[in-house]
Structures are given as C-alpha cells and as structure tokens.
Amino acid sequence: MNVYAIFADHVRAAVAELDAVPAGLDLSRIVVEPPRDAAHGDLATNAAMVLAKEAGLKPRDLAGLIAARLEGVPEVARVEVAGPGFINIALSPGYWVRVLEAALRSGPDFGRSTFGAGTPVNVEYVSANPTGPMHVGHCRGAVFGDAMASLLTFAGFPVTREYYINDAGAQVDVLARSAFLRYREALGETIGAIPDGLYPGDYLVPVGTELARIHGRALLGLAEAEWLPIVRAEAISAMMAMIREDLSALGIAFDVFFSERSLTEGDDRVARAIAQLRESGEVYQGRLAPPKGAPIEDWEDREQTLFRSTDFGDDVDRPLVKSDGSYTYFAGDIAYHKDKFDRGFRRMIDVWGADHGGYVKRMQAAVKAVSGGTATLDVELCQLVRLTRNGEPVRMSKRAGSFVTLREVVDEVGRDAVRFMMLFRKNDAPLDFDLAKVIEQSRENPVFYVQYAHARAHSILRNAAEAFADLPSDRAAFADAALARLNDAGETSLMMRLAGWPRLIEQAATAREPHRIAFFLYDLASEFHAQWNRGKDLPHLRFIMENDRELTMARLALVHGVAAVVASGLSLLGVEAVEEMK
RNA sequence: GUCCCGGUAGCUCAGCAGGAUAGAGCACAGGUUUCCUAAACCUGGGGUCAGGGGUUCGAAUCCCUUCCGGGACACCA
C-alpha cells in the first residue's frame, strides 16, 4: 500500500477529467510527496506547476481546478492551494491508521512491490580473482551488490546473483606456479623466500599439501606446461572454496558462478562473439594512436583486432586480441555479457570497484552492440574503504601477504556491523570504517542504534505480555485494536513514516541505492526512540498503560508496525534484527 | 591531454528522479534528569550548497565553464 502512488493516481485522474487541460499531456512528472512542513498537510503535489504551461493556465488557477476535483476523493478532508501552485492535501482523520493496519496485516511483505513488473535483472558483483582470500576492498562491493539484489527482488524484479570467475588470465598461472612451490615445500623441499611476482600468502600451503597428497611426487618430473593445468585447476578450486566461505561469513550466496575459462573450452564463444560483431561491422583490423599523458615504454604500433566502441560513446576503440594472439580480458567479458543476453537478460547491473571506472563505457558499448541495442548495462562503482581502528589506519595481515582479509574484519566486528556500515554511505563516496567504533554500543553507532530500536520494540512487547494477560502474540491480531486512539502527534508521525516505506523501496530500487534503506531505518529508529523517551516525562504517552488495555493494544500495534518495518529493512540489508541486545 | 567520481554546518555525511524556510550525527552552548519501559533527555547557535554563467514559475539537484580533491587512461585482470 503505497499511499503516495495511490494519490498520484488520484491526481492524474483528476487532471484527466478537466476540460481545461488538453488530453495527452505528459503526466509522468506529477509527484505526490510528503510535505516538508507538517503545517502543509499530509500530502503535496506539484501537478499544477508542472502542467500549467502546456495547459495555458496560471499554476494557481490550474491548482484550484485540480483541487476542486480532489475534494471528491473520499479519504480527503481538505485541499488547499499554496505558494506558487502547490496543492496540499489533508487526509481524513484516521487515514494513517489504516496504513498501519495494512502494515500489520502484511507484516514482512509490507512494502513489497510489483514495481519491477517481473523484469529479470542480472546483478554481477564481487567477481574477485580466485588468487587468494577476499580482502576488505572486496567487501563493500559484495555487501552493496547483495543488498541491491535483495532490494530489487523486494521491488518486483526477479534477480539472478552472479559471480564471474576470472580463471583464465595470466594471474591464475601465477597462482599455479605459487601453488607448485608450496607443493614442493610439502614434499620436504626448502623453498626459502617466495620470489617476487608469486603469491606469498600462506593460504597456499594447504593447497601444496593437498597436491602432494593427491599426486605424491609425480608432478615433479613433469614440464611446467604439463603440471601447470593440473596445479592451476586444483588451486583455483581451492581458492573458490575459500572465497565462498568468506562470502558465506558475510551472508552472501550466489545463484551463478560463471567461469571465464569455460568461454573458450570446447566451443570458443569468445570467437563467436567477435565474429558476430565483425559481421555487424563493429570489429575491424586497425591501428591505435598511443595514449596521451604518461608515455608507454614498450608501445608497439601494430595493426590489431579492434572493437568499434566509439560508435557507442567510448573514447577510443578497444583491442580484442593481444600481440601473442590470445584474447584480451575485454574480449572475454564481451562474450560473457553476450551470454547473459543469450540467457534472456535485458537488464544487467555490474558492481565494480572505482578503479575500474575507466572500463565502464567500453562494456556498456559492448552490451549495446551485442544485443542490438535491446539490453542495458548499469555499472555501479564502489569507492574505497578506509579501514581504521580508533582513527589509526589498519594495514597488513598476518597470513595473507599484504592485505587485511575480509574474514579478519568479519571475525572481529561481526557480520551485522560490517554489512550495515558498508551500506550507511552512498556507494560512490569513500567510506571510513573504524573497527573500534562499529562495535560501540552507543547512540553514535548507527548499527547499534537501529538494532536497538528493534530490540526495544520487542522488549516493550515482552513487558506488555507480563502486564496484561492473554495479549495476542501475532502481529496481525493487532490490526483489530482500537487504532483510532493513536492520536498523539508523535504516534501519527510514526505512522506517516511507516507509510513512506513502500515509497522508499521503489525510489531506492530505481536509483539503485540500497543505502537509502539504511538511512530510512536510522530515521525511523530515531523517531521511535524519541517517542519512547517522551513517555519518561509524560507518563500518559507510554506504550504500556497498565490501566487502559485498549490504549495499550493500540500502541502495541504501532510498536509491532515499527518492528516489522525495521526487521524487513534490516533483512534487505542482510543484518539481523535482534530481539535483545547483549 | 582525455574520461569518470566527488566538493553541502567546525568534523563525518544525508538530501527523496527540480519544489515551499537546505537536514542528521558528532563537536559546541544552555538546561533537565540520576527516574525508568533497556545503555539519559530537551532546547539552541551555526550554511555564499566550491566560484561563475545558463535553462525554469522555481535549482544543492539539470546544462556549460573555472577551481580543488580522488581515480582511470593499448596488448593487466
């Protein structure tokens, strides 16, 4: 039940009935929103100002006409024209109560939407190289992608969560050589310091042991070309197992793990993608000018296979084949995105680190080319995370070589704190993450503050159950309480905020901004805590009124409503809604 | 040199697909409370929304431009 969407429909209907307004105007710019100032009523719309010019009327005159129509809507108590042509609507007393009632009946589904109209969306995120454990840098994209996938699902888009395994490039060969060294070590050889250019982390030690267990000394006698594929496959599979564990510590699971290597095994789908583009004239043999700026040492002017990404807004055309004849990473990525398209996806979202920003245009170009313009790719970039402890930068890890692992952070502060804080900032703004502050139990810590609101709600319910015998235990039963008795300003304000939840979901989904959920929950928590605090000075505002069962029931309904939305929001963020603080 | 992302209160940041007097937390100032339902609460000061142009009835929001910060710039992934 999205009140704002419902009234936007009322407004559009009212406009359509007006003789003074020509038919066929674009009504999509009409917005119904909560006014900033409560004195302006419950709802406000810009309809008259948006349409005035095309209707050939003064905004205030048109507003008057629309307002007159809106007065006929049953739930409307009063309509006023204000300012430059705003239409302010006051709803009949008790309207917000009905929203609460709806929230109580839908429970966790309150706010769930058909907004996405069943359009399938592919969300690709993390896609970390399978060359070691996940580090904190991966963490933000992982949490962001996961929360966005949940958000889009809730908003009515069937989502496929996907991870692209970069198991085909030179880096996994390096991984294999590094693992081979550990294999020799496992067989008793002294390997000394790990040479530069190989992965030094001791997470490869078990891989060496496992190789020794499976193969004994058999690999030692082989040439690198022979052992490398064997070792590589084993190492990649071990790394992916580790990464899945790291992800699961964060509460993240994927529907699809897609192997880059699989694109060229057997049927060469990269070749097919290139051939298709060549056919449509988007691939040609040509030369590139060396980039301006920092000169490149070993620049080699040569004719190469290029994708005409400039046709789709990119700055230069992009190579598909390296000088050694193998495919570029980009070529594989084109084939991969073509595969998504072939699987039926017309809406794709990729979540990348900000350092890949320069890659966005060419990938979008590729998706357009490969889909004949019928598919879109949105790329969401996540900025860096600055990890600190009490303000001091944190670096270096005991075991991983050179970085702080995701696992270390999750183990130290917990999944909930990591996830919430990663989402308590816009994705394209840098983020400070302080290991000490996020576990503080204080008002200043938003994780605690929001979880505490949920815990407090449940505490109130527990206390109420002690004060009154035979209270219903299920939320929906409270929809039948005497909700009309919720007439305190703070209570009404909370109900209005709950009514904003379905609207927020659609907005956040449209903007691809799950952080808005976190901020919404923070504001809701804040208002709930404030209402609780009012009961200290003003005992007649307490949620539990021992001498008035009916009023208590009504207020508990509100508590249930708040708890339901907080729980629902937290679950989209992947944060646990605890019923008790420890 | 080109491209991308940022610049909002002293600090950290929101700002809802252009809307009415720009918000929150911290910090600061003042006050209340030591009670209880669960870790105190209330009030207040504070802003050239980086600068300048433009579009619009209306701009922090859209466009252009300048400045500042970060990132990326064949054949790495």
Side-chain angles (χ1 to χ4, degrees), chain A residues 28-29 31 33-37 40 44-46 49-50 52-53 58-60 82-86 88 127-129 131 166 168-172 260 287-294 296 298-302 304-306 314-330 332-333 353-361 379 381 383-384 424-426 428-432 441-446 448-449 452 455-456 459-460 462-464 467 500 503-504 507-508 510-511 513 515-516 518-520 522-523 526 529-530 532-537 539 542-544 580-581:
Chain A
S28 66
R29 288 170 62 211
V31 173
E33 55 191 356
R36 195 178 356 231
D37 187 342
H40 291 147
T45 179
N46 61 356
M49 293 178 290
V50 167
K53 182 178 274 183
K58 290 181 184 166
R60 289 193 61 109
F86 283 101
N88 292 330
S127 298
N129 289 342
T131 54
N166 301 138
Q171 293 190 10
V172 284
E260 178 185 1
R287 288 174 190 277
L288 283 180
K292 308 240 162 56
I296 295 170
D298 55 348
W299 174 264
E300 174 196 349
D301 187 23
R302 67 180 179 94
Q304 49 187 339
T305 305
L306 297 168
D314 199 3
D315 308 313
V316 291
D317 292 339
R318 304 291 177 176
L320 299 175
V321 180
K322 300 185 211 171
S323 47
D324 69 358
S326 63
Y327 297 124
T328 61
Y329 181 78
F330 181 48
D333 225 357
D355 55 341
H356 289 63
Y359 199 75
V360 174
K361 282 185 184 175
V379 179
L381 300 178
Q383 278 289 348
L384 294 180
F424 201 60
R425 187 110 313 167
K426 222 170 19 184
D428 52 6
L431 166 74
D432 294 307
Q441 299 211 346
S442 77
R443 181 189 163 79
E444 294 157 48
N445 178 0
F448 169 76
Y449 195 62
Y452 179 35
R456 172 170 268 171
S459 163
I460 293 168
R462 283 191 298 271
N463 285 325
R503 177 173 184 257
L504 179 101
Q507 289 173 330
T510 304
E513 290 184 345
H515 77 273
R516 292 191 193 187
F519 281 93
F520 178 91
Y522 184 82
D523 290 341
S526 173
H529 288 311
W532 184 90
N533 283 317
R534 251 169 239 135
K536 284 179 156 182
D537 292 337
R542 294 185 174 191
F543 290 107
I544 300 172
E580 234 172 325
M581 302 306 287

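Every chain is numbered from 1, with letters handed out A, B, ... down the list of sequences.
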Can you see if the side chain of K536(A) gets near the phosphate of rC42(B) - specifically, an N or O under 4.0 Å from OP1 or OP2?
no

Donor-acceptor pair, side chain of N445(A) and main chain of Q441(A), under 3.5 angstrom:
no

Can you find a side chain N or O atom of R302(A) that sits less than 4.0 Å from OP1 or OP2 on rA74(B)?
no

How is N88(A) classified with respect to the nucleic acid when contacts are heavy atoms under 4.0 Å: base, sugar-phosphate, or nothing?
base

Name the closest nucleotide to the R503(A) side chain, picking from rC16(B), rG71(B), rC35(B).
rC16(B)

Donor-acceptor pair, distance only, cut-off 3.5 Å: does the side chain of T305(A) make one with the backbone of L320(A)?
no

Please measure how far the P atom in rG30(B) lies from the corresponding atom in rC35(B), and state the result in whole Å.
25 Å

rG44(B) versus rG23(B) - spacing of their P atoms, nearest Å
12 Å

So does H515(A) get a side-chain nitrogen or oxygen closer than 4.0 Å to the phosphate oxygens (OP1/OP2) of rG15(B)?
yes

With the side chain defined as heavy atoms from C-beta on, Y452(A) is closest, among rA39(B), rC3(B), rA24(B), to rA39(B)

May I ask you to say what D428(A) touches in the nucleic acid, namely base, sugar-phosphate or nothing, with a heavy-atom cut-off under 4.0 Å?
sugar-phosphate

Taking the P atom in each of rA40(B) and rA27(B), what is the distance between them to the nearest angstrom?
13 Å

R443(A) side chain near rG25(B) phosphate (N/O to OP1/OP2, under 4.0 Å):
yes

Report the distance from atom CG of N46(A) to atom P of rU61(B), rounded to the nearest whole Å.
18 Å

